[in-house]
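What follows is a single structure, written as C-alpha cells, with notes after it.
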Amino acid sequence: MSELILGIESSCDETGVAVVRIPEGGGVPTLLSHALHSQIDMHRAYGGVVPELASRDHIRRVLPLTRQVLEDAGKTLQDIDVVSFTRGPGLAGALLVGAGVACALAAALDKPVLGVHHLEGHLLSPFLSDDPPEFPFIALLVSGGHTQLMRVDGVGRYEILGETIDDAAGEAFDKSAKVMGLPYPGGPILSKLAEGGDPQAFKLPRPLLHSGDLDFSFAGLKTAVLTQAKKLGDELEPRKADLAASTQAAIVDVLVKKTLNALKQTGMQRVVVAGGVGANKLLREQLNQECAKRKIRVHYPELHLCTDNGAMIAMAAAMRIQAGQQQASKTYAFDVKPRWPLDSIVEKNVAL
Ligand code: KG4
Ligand code: ZN
C-alpha cells in the first residue's frame, strides 16, 4: 500500500507544509500538494529575521496551511501515515512550533512522527523535480547558513568534502546587499540589481579560489564590498548595479570553480545544486555552461523549491523511510536541534 507523508517546515522565516506519497512497490516519492507562507514582508521592516516574530507567525500559519494541503491533495488527516517535521538546524523557537504541532497531530491521530534534518531536505529536493538525479552525485549545498560540497552515495550516505570556514554564500549575498542599502532578503534583490551592472567594474577578492582544497571563505569578500562602498561614498548610488554585479560574479566564480574541482577530484559525472542560493540565475548559467563542456549532468530543485519549503521535508522523510534509514516512531516527546551538523546523521558502518 502506498504511504502518505505530511511534512512541516518551520526552521526560519517560511512556514511550509506538504503531502508526499511513497509509491507502492518503490520508485521516487511524488508530491501531492504543498503550501507555503513566507514571512519576508513581516521581517523586512527590521532588516532581517526577528526570531520571536517568526515563531509567532509559524503558530498562526501552520494549521491553515495543513488544512489547505490536505484539501488540495483530496485527503483528510486520517489518511496521513507519517507526520514529519524539521527537527533542525534553525531557530529554536521556530523549530519548536513545527515540532510541537507535528507531534500533537501525530499523537491525536495515533500515527508515527519523524524529525528531519533541514539540510537533508535541501539536498534531496531535486528529487521533487521532473528530472530527478540518480546516486551518486556531488552536491553543492548553498543556503543562508550553510555552504558545503558533499559526495552523496545514497540517502544518509553523505561525505562532506569542503565547507565554508566563515560566512555562507547566502550570508555573503545578504550582508553585501545590506552594505549597499538593499532591503532584506538581500540575495535575490542583489542578484536582480546585478542584471543591469558590469561584473568587471570592481575587482573583488575570490577567497580560497586557488587553495587547492574544497573549503570556502566569504567573510573577506563582504569586507571588501564594505570598503568599496565606503570609498564610493555619494557615488555608490549610481554605481550600485556595478557593485552588485561584481559581488555576485565573485561569489559565483568561487562556487563554480570549487564545484568543478570537487567533480574532478572524485571523478563524479553528476552534480546537484540545492539551497536558496541555488535559485541564483548566474550560478545556474555558469555551472550549466562549464558542466556542458565536461559532459557533466547538473540537477536543480524547481526554482520555487530552492528556498525553504515543506515539500523537501516530506520528501526527505519519505526517502529515509523508503531507504530503511529511519523508522518513524510513536514517541511524541520531541526535541529540536538548532545546531545539528549534517554528518551526524550519516548512515553508520557504510564505506563511503
Ligand atoms: O535555503 P534558504 O531558503 O534558507 C536557509 O536554509 O538558509 O536560503 C536562503 C538564502 C538567503 O541567504 C537568500 O538571500 C539566498 O538564499 N537566495 C539567493 C537567491 N534566492 C535566495 N541568493 C542569490 N540569488 C538568489 N536568486
Ligand atoms: Zn533552508
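Note that the structure is predicted; figures quoted are calculated from it, not measured. Starting from 1, each residue takes its place in the sequence as its number. All ligand and atom numbering here is 1-based and tracks the order in the structure.
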Distance from [atom] to nearest protein heavy atom, with residue and atom:
atom                    : value
atom 24 (N) of ligand 1 : Asn280 ND2, 3.0 Å
atom 20 (N) of ligand 1 : Gly276 O, 3.4 Å
atom 22 (N) of ligand 1 : Gly187 CA, 3.6 Å
atom 6 (O) of ligand 1  : His118 NE2, 3.1 Å
atom 7 (O) of ligand 1  : Gly144 N, 2.7 Å

Evaluation steps, ring pair (Phe, Tyr, Trp, His ring centres under 6.0 Å), between Phe135 and Phe137: CA-CA 5 Å; Phe135 297 113; Phe137 52 78; 5.4 Å; yes

Any side-chain heavy atom of [X] sitting closer than 4.5 Å to one from [Y]?
X      : Y      : answer
Ile251 : Phe173 : yes
Cys306 : Pro301 : yes
Thr247 : Leu204 : yes
Arg270 : Glu134 : yes
Asp81  : Ile5   : no
His43  : Leu53  : yes
His304 : His34  : yes
Val82  : Glu3   : yes

Under 4.0 Å to a heavy atom of [X] - the qualifying atoms of ligand 1, by number:
X      : answer
Ala279 : 26 (N)
Gly145 : 7 (O)
Pro188 : 14 (O), 17 (N), 18 (C), 19 (C), 20 (N), 21 (C), 25 (C), 26 (N)

Quick check: [X] and ligand 1, any N/O pair under 3.5 Å apart?
X      : result
Asp308 : yes
Gly170 : yes
Gly275 : no
His122 : yes
Phe173 : no

Backbone or side-chain N/O/S of His146 under 2.8 Å of the Zn ion (ligand 2): no

His118 N/O/S atom closer than 2.8 Å to the Zn ion (ligand 2): yes

Single hit among Glu14, Glu52, Met42 for side chain to side chain contact (heavy atoms under 4.5 Å, CB included) with Asp57: Met42

N/O/S atom name from Asp308 that is nearest to the position of the Zn ion (ligand 2): OD1

Which N, O or S atom of His122 lies nearest to the Zn ion (ligand 2), by name: NE2

Heavy-atom proximity to atom 12 (O) of ligand 1, best of Leu282, Val277, Asp174: Asp174

Under a heavy-atom criterion of less than 4.0 Å, does [X] contact ligand 1?
X      : answer
Lys192 : no
Pro185 : no
Cys12  : no

Proximity of His146 to ligand 1 by residue part, where a heavy atom lies under 4.0 Å: neither

Any donor-acceptor pair under 3.5 Å from Asp13 side chain to Ile40 backbone: no

Pair Glu290 + Lys257: basic N to acidic O under 4.0 Å: no

Whether His118 and His122 hold their rings parallel, tilted or perpendicular, with breakpoints at 30° and 60°: perpendicular

